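Source: prediction; values computed, not measured. Because only heavy atoms are used, hydrogens play no part in the values below, and waters and symmetry mates are left out as well, while side chains stay in.
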Amino acid sequence: DIGCGKGFLLYEMKLLQPKLNIKGFDISKYGLNNAHPEIKQNLFIHDACKQFPFKEKEFDLVLSINTLHNLKIVDLKKALQECERVGKNKYIVVESFRSEIELFNLQCWALTCQSFFSEDEWLWLYKEFNYTGDYEFIYF
C-alpha cells in the first residue's frame, strides 16, 4: 500500500506495479480534478495539517514529494508526525538551500512556500518532530 500526495507520481507507480493499492490526497480541488483518470478514484481532498484518515502503519510506504514547503512550521510538525504514524516506511522530498543564491531562487520559484529551511534546519526539524523516514533535498 502506498499513500502519497502527488497524482502523476501515483499514476506512474500504478503503471509499473498495477497491483499496488494506492491512496492519495491533496488540498487542491484543481489538482484532484486534473489527476490522471486511472488513479483519480484513489484520490481525495484532505488538509495535511489535520490527522490523516488512516490507521497506524496502514501503508508500506508514504511519500511526500515537494509539498511540505507549503506548510507553516506548526503545521509541518503535524504533517510529519502523521506521515510517521501511518507509514511503515516514509520518503520525503523538500526544497532547501545551501547559499543565498539558492534561497533567492527558491523564494522566486515557490510562491506558496511557508517553510524556507536550510538542510541543517530541516534535519533539526526531522529530529525534533521524531521523523525517522528517508528524505532528500532539492535545490534551485
Side-chain angles (χ1 to χ4, degrees):
D1 291 345
I2 296 181
C4 181
K6 287 289 186 186
F8 189 73
L9 177 62
L10 294 176
Y11 170 67
E12 290 176 332
M13 293 174 74
K14 193 73 166 170
L15 285 177
L16 294 171
Q17 295 290 324
K19 293 184 181 182
L20 281 178
N21 179 16
I22 294 175
K23 295 181 181 156
F25 64 81
D26 198 317
I27 197 166
S28 165
K29 289 180 185 177
Y30 175 84
L32 295 179
N33 289 337
N34 290 284
H36 198 283
E38 291 191 30
I39 56 129
K40 204 172 198 174
Q41 71 276 3
N42 301 89
L43 307 176
F44 60 95
I45 291 276
H46 186 73
D47 185 344
C49 303
K50 309 223 183 302
Q51 182 172 343
F52 297 178
F54 305 113
K55 300 179 289 187
E56 284 196 29
K57 305 300 180 208
E58 182 169 338
F59 296 100
D60 296 322
L61 178 61
V62 172
L63 300 171
S64 177
I65 311 294
N66 303 341
T67 57
L68 294 178
H69 67 269
N70 291 314
L71 304 179
K72 294 178 181 176
I73 193 167
V74 295
D75 298 324
L76 185 59
K77 180 177 184 179
K78 180 66 173 173
L80 286 169
Q81 289 173 335
E82 283 298 289
C83 288
E84 188 72 28
R85 183 182 68 80
V86 303
K88 297 173 191 165
N89 298 285
K90 288 81 55 184
Y91 177 71
I92 290 174
V93 178
V94 292
E95 298 81 355
S96 188
F97 61 91
R98 300 166 292 194
S99 69
E100 292 299 316
I101 292 172
E102 287 181 350
L103 174 58
F104 175 78
N105 291 341
L106 175 57
Q107 290 168 329
C108 291
W109 175 80
L111 300 178
T112 59
C113 188
Q114 297 288 322
S115 296
F116 295 100
F117 298 124
S118 68
E119 277 187 34
D120 290 343
E121 291 167 323
W122 278 112
L123 294 174
W124 184 86
L125 288 171
Y126 291 157
K127 185 176 180 181
E128 187 70 17
F129 299 159
N130 299 313
Y131 174 74
T132 63
D134 292 322
Y135 54 85
E136 189 170 350
F137 303 109
I138 63 167
Y139 310 98
F140 295 90

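Val93 and Phe140 end up in the same hydrophobic cluster when Ile, Leu, Val, Met, Phe, Trp and Tyr side chains are linked at under 4.5 Å. Cluster annotation: Ile138 and Ile92 are assigned to distinct hydrophobic clusters (Ile/Leu/Val/Met/Phe/Trp/Tyr, side-chain heavy-atom contacts under 4.5 Å, transitive). Both Leu61 and Leu43 are members of a single hydrophobic cluster when ILVMFWY side chains are connected at heavy-atom separations under 4.5 Å. Each of Phe116 and Leu123 belongs to its own hydrophobic cluster when Ile, Leu, Val, Met, Phe, Trp and Tyr are linked at side-chain heavy-atom distances under 4.5 angstrom. Under the 4.5 Å side-chain heavy-atom criterion for Ile, Leu, Val, Met, Phe, Trp and Tyr, Trp109 and Val94 are members of distinct hydrophobic clusters.
Using a 4.5 Å heavy-atom cutoff, the side chains of Asp26 and Thr67 are not in contact. Within the 4.5 Å cutoff, the side chain of His36 has no heavy atoms near those of the Glu12 side chain. Between Lys78 and Cys49, the closest side-chain pair of non-hydrogen atoms is not below 4.5 Å. A heavy-atom distance below 4.5 Å is found between the side chains of Ile22 and Lys14. Using a 4.5 Å heavy-atom cutoff, the side chains of Tyr91 and Ile65 are in contact. Proximity of Phe117 to Leu68: side-chain heavy atoms (C-beta onward) are nowhere separated by under 4.5 Å.
Between His69 and Asn66, the shortest heavy-atom contact is CE1-O, 3.0 Å.
Residue Ile45 qualifies as enclosed at atom CD1: its count of foreign heavy atoms under 6.0 Å is above 12. Within 6.0 Å of the NZ atom in Lys57, the count of heavy atoms belonging to other residues, nucleotides or ligands exceeds 12. Atom CD of Gln41 has more than 12 heavy atoms from other residues, nucleotides or ligands within 6.0 Å.
In terms of modelled atom types and a separation under 3.5 Å, the side chain of Trp122 and the main chain of Glu136 share no donor-acceptor contact. The closest donor-acceptor contact from the side chain of Lys88 to the backbone of Phe59 lies at 3.5 Å or more, if one exists at all. Listed for the Glu82 side chain is no donor-acceptor partner under 3.5 Å among the backbone atoms of Lys50.
Phe137 and Tyr126 have parallel rings, their planes meeting at less than 30° on a 0 to 90° scale where 60° marks the start of perpendicular. The aromatic rings of Phe25 and His46 lie perpendicular to each other, with more than 60° between the two planes, well past the 30° mark. Taking the six-membered ring for Trp and thresholds of 30 and 60 degrees, Phe52 and Phe54 have ring planes more than 60 degrees apart, a perpendicular arrangement.
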